[in-house]
Amino acid sequence: MITMYGVIGDPIAHSLSPAMHNAAFKALGMDCYYAAFHVKGRYLHEAVNGARALGFGGLNVTVPHKEAVIRFVEADAAAREIGAANTIDFRTNKAYNTDAPGAIASLEDSGVKVKGRSVLVLGAGGAARAVTYGLLKAGATVTIANRTAQKAADLAAYMREYGEVFGTGMDNLREKVSISDIIVNTTTVGMGQDETLVTADMLSDRQTVLDLVYRPVETRLLREARLAGARAIDGITMLVRQGALSFEIWTGVKPPIDVMERGARDAL
Ligand code: ATR
């Protein structure tokens with residue numbers, strides 16, 4: 001019998017996760033199918049229980065439900081510390097956060113060492129929480145810069161338990177960029193528009209830029225990074241890695257990353 005998997009979110013229509021996971025299931029000859037489900041907040045708990053009742057193997061949880069779902073699933077220590085889960089495994093009824101390790105894998109698979117590096121995280125929202133946690137656990141020093149400086153300060157204060165982290169506003173961004181080895185954009189700037197917070201003249205060829213935005217794949221920020229000779233890592237790279245980690249949690253099988261990546265890129 002086919003085993004169902006899925007992603008729940010609101011909105012969800014343009015999710016690349018079905019294409020990515022189904023490509024891996026197909027390549028591995030597994031009798032599994034992954035679908036996207038539009039779930040409103042008021043039905044979140046029922047949707048998770050319903051999927052469990054229907055015998056689903058697991059679920060991905062995406063925006064805006066990653067934080068709320070923590071309240072009624074058994075999350076592992078990292079997901080609890082981040083305050084958000086994106087993966088539920090119904091075999092064990094446990095929940096995990098694969099965004100944090102997915103971000104680290106995006107950098108390390110691209111040949112970028114994280115331990116001991118200075119990282120500038122742009123933004124202090126949900127994505128920044130997971131990324132900052134992952135970076136600190138991997139031994140990086142993190143500066144969180146956010147338009148609303150107080151949110152960066154609050155996030156840094158919360159994350160201090162896990163490593164060396166500072167919170168600031170977006171002022172003097174040029175200087176903050178210049179003293180960083182790695183710059184990660186977790187803001188929505190660049191999503192659907194040709195805008196960027198960091199330009200080529202602020203970057204150099206010894207730096208790495210990771211943009212979590214993947215629509216468009218080639219964001220203005222990544223173009224600026226390449227122009228400066230910096231290493232540019234796109235949002236699909238990260239999306240695929242968090243997805244591959246979910247896949248492995250559910251099935252115990254390491255999926256072919258290249259197959260998942262092609263599935264996602266083809267679906268764009
Ligand atoms: P996510 O869950 O994807 O992290 P979010 O929690 O809504 O999304 O966070 C969005 C982030 O993008 C925030 O850090 C936000 O900054 P504020 O906290 O100041 O709102 C940032 N952001 C959105 N639009 C921005 C803009 N035009 N300039 C700078 N930062 C922006």
Side-chain angles (χ1 to χ4, degrees), residues 1-103 105 126-127 130 214 236 238-268:
M1 205 177 74
I2 196 161
T3 305
M4 285 292 300
Y5 293 87
V7 57
I8 55 177
D10 176 24
I12 199 68
H14 302 292
S15 174
L16 299 176
S17 292
M20 171 165 95
H21 286 280
N22 287 326
F25 286 139
K26 194 171 170 198
L28 294 167
M30 295 171 74
D31 196 13
C32 302
Y33 188 76
Y34 187 111
F37 300 94
H38 185 196
V39 174
K40 292 280 184 194
R42 65 182 177 282
Y43 291 123
L44 179 61
H45 199 163
E46 285 177 75
V48 171
N49 285 343
R52 183 188 292 113
L54 289 170
F56 276 46
L59 278 182
N60 277 135
V61 180
T62 190
V63 179
H65 303 321
K66 294 184 200 187
E67 289 84 10
V69 80
I70 282 279
R71 286 191 244 118
F72 54 83
V73 294
E74 196 193 319
D76 79 341
R80 281 201 314 272
E81 287 168 358
I82 294 164
N86 73 331
T87 306
I88 304 172
D89 179 12
F90 289 127
R91 294 190 311 178
T92 59
N93 272 316
K94 286 209 157 161
Y96 305 87
N97 186 306
T98 66
D99 290 327
Y214 58 82
I236 295 290
M238 154 97 185
L239 180 80
V240 167
R241 277 154 186 79
Q242 64 77 30
L245 290 163
S246 297
F247 190 106
E248 195 176 343
I249 287 169
W250 295 325
T251 66
V253 178
K254 244 190 221 315
I257 290 272
D258 53 328
V259 170
M260 290 185 84
E261 188 147 353
R262 215 172 312 124
R265 289 189 193 276
D266 288 350
L268 262 172

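Numbers here simply count residues along the sequence, with the first being 1.
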Out of curiosity, [X] [atom1] to [Y] [atom2], how far, rounded to the nearest 0.5 Å?
X: Thr87; Y: Gln242; atom1: OG1; atom2: CD; value: 6.5 Å
X: Ile8; Y: Thr62; atom1: CD1; atom2: OG1; value: 9.5 Å
X: Met4; Y: Tyr33; atom1: CE; atom2: OH; value: 7.0 Å
X: Glu261; Y: Leu239; atom1: CD; atom2: CG; value: 9.5 Å
X: Asn49; Y: Leu54; atom1: CG; atom2: CG; value: 11.0 Å
X: Ile12; Y: His65; atom1: CD1; atom2: NE2; value: 8.0 Å

Sole residue of Lys40, Arg42, Lys66 in salt bridge (charged side-chain N to carboxylate O under 4.0 Å, His left out) with Asp10: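 With Asp10 as partner, Lys40, Arg42, Lys66 yield a single salt bridge (charged side-chain N to carboxylate O under 4.0 Å, His left out), made by Lys40.
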Shortest non-hydrogen contact from [X] to [Y]?
X: Leu28; Y: Pro255; answer: CD1-CA, 4.4 Å
X: Leu44; Y: Ala68; answer: CD2-CB, 3.7 Å
X: Val7; Y: Ser17; answer: CG1-CB, 4.3 Å
X: Ile88; Y: Trp250; answer: O-NE1, 2.9 Å
X: Met20; Y: Gly243; answer: CE-CA, 3.8 Å
X: Ala79; Y: Ile70; answer: O-CD1, 3.7 Å

For residues [X] and [Y], determine if any side-chain heavy atom of one lies less than 4.5 Å from a side-chain heavy atom of the other.
X: Thr251; Y: Met30; answer: yes
X: Met238; Y: Asp99; answer: yes
X: Tyr96; Y: Leu245; answer: no
X: Asn93; Y: Arg52; answer: yes

Electrostatic pair Lys94:Asp89 at N-O distance under 4.0 angstrom: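 Salt bridge absent between Lys94 and Asp89.
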Salt-bridge contact Glu74-Arg80 (side-chain N to carboxylate O under 4.0 Å): no
Check the surroundings of atom CZ in Phe72: do more than 12 heavy atoms from other residues, nucleotides or ligands lie under 6.0 Å from it? yes
Hey, which of Phe37, Phe25, Phe247 is the one that makes ring pair (Phe, Tyr, Trp, His ring centres under 6.0 Å) with Tyr5? Phe25
Looking at Asn22, Asn60, Thr3, which hits side chain to side chain donor-acceptor pair (under 3.5 Å) with Tyr34?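 Exactly one option meets the side chain to side chain donor-acceptor pair (under 3.5 Å) with Tyr34, and it is Asn60.
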